[in-house]
Amino acid sequence: MGQAQRRRQELIDCHDCGNAVSFSAVACPHCGSTEPAGPAVQSRRELRRLRMEATNDRRLVVVTVLCTGLGTLYGALTGAGGAASLWSALFYGFIGAVIGVPAAFVINVSRSLFD
Ligand SMILES: [Zn+2]
């Protein structure tokens, strides 16, 4: 009897407060959430947008690091040597970062436009 009743009630954990709530409940009796089962179906569009934002963040970091690294390398190779090379590397590394951030931003924006 007890088991049969549990199966009929289909208790789930409330998406918002974590308390047991009937799957068929319209609202959670504990926290009043109107979606105790959680968002039934997260739209593909929404999922895609979330994935794209994560990709954009990663790309921003990668492009910035890449530009900074290339700038530093360029400065080190073209520098006069010794301390001059070090300053040159720092300078071009900085230039790389300054160029890299907006470059990544432009890539992200243009990608989201054409996607
Ligand atoms: Zn709840």
Side-chain angles (χ1 to χ4, degrees):
M1 180 57 195
Q3 208 176 5
Q5 196 173 11
R6 196 178 303 152
R7 197 171 295 156
R8 196 169 62 231
Q9 281 192 327
E10 294 274 14
L11 287 178
I12 54 161
D13 291 335
C14 171
H15 178 71
D16 288 323
C17 70
N19 283 307
V21 56
S22 167
F23 184 74
S24 55
V26 178
C28 173
H30 304 286
C31 69
S33 168
T34 51
E35 281 183 314
V41 180
Q42 195 161 28
S43 69
R44 283 173 187 281
R45 197 182 167 82
E46 187 75 3
L47 279 175
R48 228 165 61 104
R49 195 180 63 77
L50 288 174
R51 253 204 313 271
M52 210 164 74
E53 268 172 18
T55 308
N56 282 356
D57 287 347
R58 261 203 311 277
R59 189 179 298 125
L60 186 75
V61 172
V62 168
V63 171
T64 303
V65 169
L66 207 67
C67 286
T68 308
L70 283 175
T72 305
L73 195 66
Y74 178 79
L77 291 176
T78 56
S85 277
L86 187 68
W87 284 114
S88 177
L90 283 173
F91 175 73
Y92 280 104
F94 176 73
I95 297 291
V98 167
I99 293 171
V101 173
F105 184 74
V106 167
I107 292 170
N108 285 346
V109 168
S110 57
R111 270 189 65 92
S112 61
L113 283 178
F114 290 112
D115 221 41

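Quick note: numbers below take in every heavy atom, side chains included, and nothing from hydrogens, waters or symmetry partners. Remember, predicted model here, so these are calculated numbers, not experimental data.
Minimum interatomic distance between A104 and V63 (heavy atoms only, all atoms of both residues): CB-CB, 3.7 Å. When all heavy atoms of G18 and D13 are compared, the closest pair comes out as O-OD1, 3.8 Å.
Side-chain atoms of C17 and S33, non-hydrogen and from C-beta on, never get closer than 4.5 Å to each other. The side-chain heavy atoms of C28 and D16, taken from C-beta on, include no pair separated by under 4.5 Å. Under the 4.5 Å side-chain criterion, counting only non-hydrogen atoms from C-beta, V21 is not in contact with L11. Taking 4.5 Å as the limit, every side-chain heavy atom of M52 sits out of range of all side-chain heavy atoms of R111.
Of the inter-residue distances, the one linking I95 atom CD1 with L90 atom CG reads 12.0 Å to the nearest 0.5 angstrom. The OG1 atom of T64 lies 12.0 Å from the CZ atom of R59; values are rounded to the nearest 0.5 Å. Taken from OG1 in T68 to CD1 in I99, the straight-line distance is 10.0 Å, to the nearest 0.5 Å. For the atom pair L73 CG and T78 OG1, the distance stands at 9.5 Å (nearest 0.5 Å). Within the model, atoms OG of S22 and CD1 of I12 stand 7.5 Å from one another, a figure rounded to the nearest 0.5 Å. Between the CG atom in L50 and the OG1 atom in T55 there is a gap of 10.5 Å [rounded to 0.5 Å].
The closest donor-acceptor contact from the side chain of S88 to the backbone of A84 lies at 3.5 Å or more, if one exists at all.
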